[in-house]
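Worksheet for the structure shown next.
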Number of protein chains: 2
Amino acid sequence: VPRERLTGSVAGRLSHYLHVLTQAKKAGRDSISSQELADYTSVNATQIRRDLSGFGKFGRRGVGYSVDLLSAELRRILGAHSRRDLALVGAGRLGEAIATSDVFVDHGFHVGAVFDADDDRVGGQCGPHVVSAMSELQPYLRQNGVLIGLVAVPGEAAQEVCDALVEGGVRVVVDYSGALLDAPANVLVHNASPAAELLRALYLAGQT
Amino acid sequence: VPRERLTGSVAGRLSHYLHVLTQAKKAGRDSISSQELADYTSVNATQIRRDLSGFGKFGRRGVGYSVDLLSAELRRILGAHSRRDLALVGAGRLGEAIATSDVFVDHGFHVGAVFDADDDRVGGQCGPHVVSAMSELQPYLRQNGVLIGLVAVPGEAAQEVCDALVEGGVRVVVDYSGALLDAPANVLVHNASPAAELLRALYLAGQT
């Protein structure tokens, strides 16, 4: 599957396979079967074999896919091979949860700095970071060439934060507020919607 | 599109459309175009029109989809029309963020109770809930017929929590720990992986 032909759906599935492979690697696994990938991603095994068939012969019958080889190939295809800094806006409960979690680190993503509009939070701690004022956001983004911003503020404040990130040169905004954010066409807004994911999971479980 | 034919990918997209419609409704909108749905979901407009064409004539050329009609139809198809209680395990930062957020409430999901294995947290507050001990988890699940469990504990504790939820009759486990969880075939584990979503978003943004 050449890079230019990946749709959003395929890119999404490949990203989840890579996540499972990364976790399997941490658990000391050398190989993984398409059935295991299916169990851990809720994608059916036939679809998985189809998605991965274009990448050459990683699967060996009865042995499964090599965790290392397949991870490296998926990283190459997704362009996920370098360290990237994230700017986090919002030092509330969710911001703290993000700043102290290692779910991003496993994939080379690092929260580089945390910002908040609340003066009471500025100068305080958020995970390993000292919280900076919003006035420092754009200088930070530009000086460090940061292209990814995480929005962990309430819905009513999210558009303003999004605008500030875009103004600072961010190209990908991940929105945890649930709000619908408007951004220029050259900026991708990912609406991280845990409720939508739960709706899908329930549907698939037949709990409807 | 008959219910039995929805794949996981389609169910996922419909869930995201429903999320956008719910937010649009809150913002006072009566109609929405396929292009707007595309902008807010990173799904292309052609795919959206295809996904929704099976549901009858909700779209009117030049006007867009009726927010109310399309929401109702998507809820019906996804079976998302009733209130559902969630059991949350883990009263740390992420648990608190979940318990105090309204992202689930908009879709009829309510955190009904919060549990934690840490004695220091039991009896304390987590959002509007008093944290219960793990020994109370299974009685709670059974007495209330709760079918959905959220796992907001560190990866190394997640399998044990998953087992306890399954033992209590939960059919859908949403795992925020990043760990790979094993569960019986009749239980769906949704691995909520913000890092995988970010990989996909970055790929789509061409920031690779």
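Every chain is numbered from 1 and lettered A, B, ... according to where its sequence line falls, protein lines coming before strand lines.
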What are the two closest non-hydrogen atoms of A:Ala205 and B:Arg171, and how far apart are they? O-NH2, 3.8 Å

Considering only heavy atoms, give the residues of residues 19-26 of chain A separated from chain B by less than 4.5 Å, sorted numerically, with 'none' for an empty result. A:His19, A:Val20, A:Gln23, A:Ala24

Look only at the side chain of B:Ser15 and the backbone of A:Glu197, and say whether a donor-acceptor pair between them is shorter than 3.5 Å. no

Can you confirm whether A:Gln35 is buried at CD, in the sense that more than 12 heavy atoms of other residues, nucleotides or ligands lie under 6.0 Å from that atom? yes

What residues of residues 91-110 of chain A sit under 4.5 Å from chain B when you count only heavy atoms? A:Arg93, A:Leu94, A:Glu96, A:Ala97, A:Thr100, A:Val103, A:Phe104, A:His107, A:Phe109

Pair B:Leu202, A:Ile148 - check side chain to side chain contact (heavy atoms under 4.5 Å, CB included), show working. CA-CA 9 Å; B:Leu202 273 177; A:Ile148 308 168; 3.7 Å; yes

I would like to know whether B:Leu204 and A:His190 meet side chain to side chain contact (heavy atoms under 4.5 Å, CB included); could you show each step before the answer? CA-CA 10 Å; B:Leu204 293 181; A:His190 174 67; over 6 Å; no

Could you tell me which of A:Asp182, A:Leu188, A:Leu180, A:Leu150 has the largest number of non-hydrogen atom pairs under 4.5 Å with chain B? A:Leu180

Counting only heavy atoms not in B:Glu160 (residues, nucleotides, ligands), do more than 12 fall under 6.0 Å from its CD? no

Are B:Leu199 and A:Leu18 close enough that some pair of their side-chain heavy atoms sits under 4.5 Å apart? yes

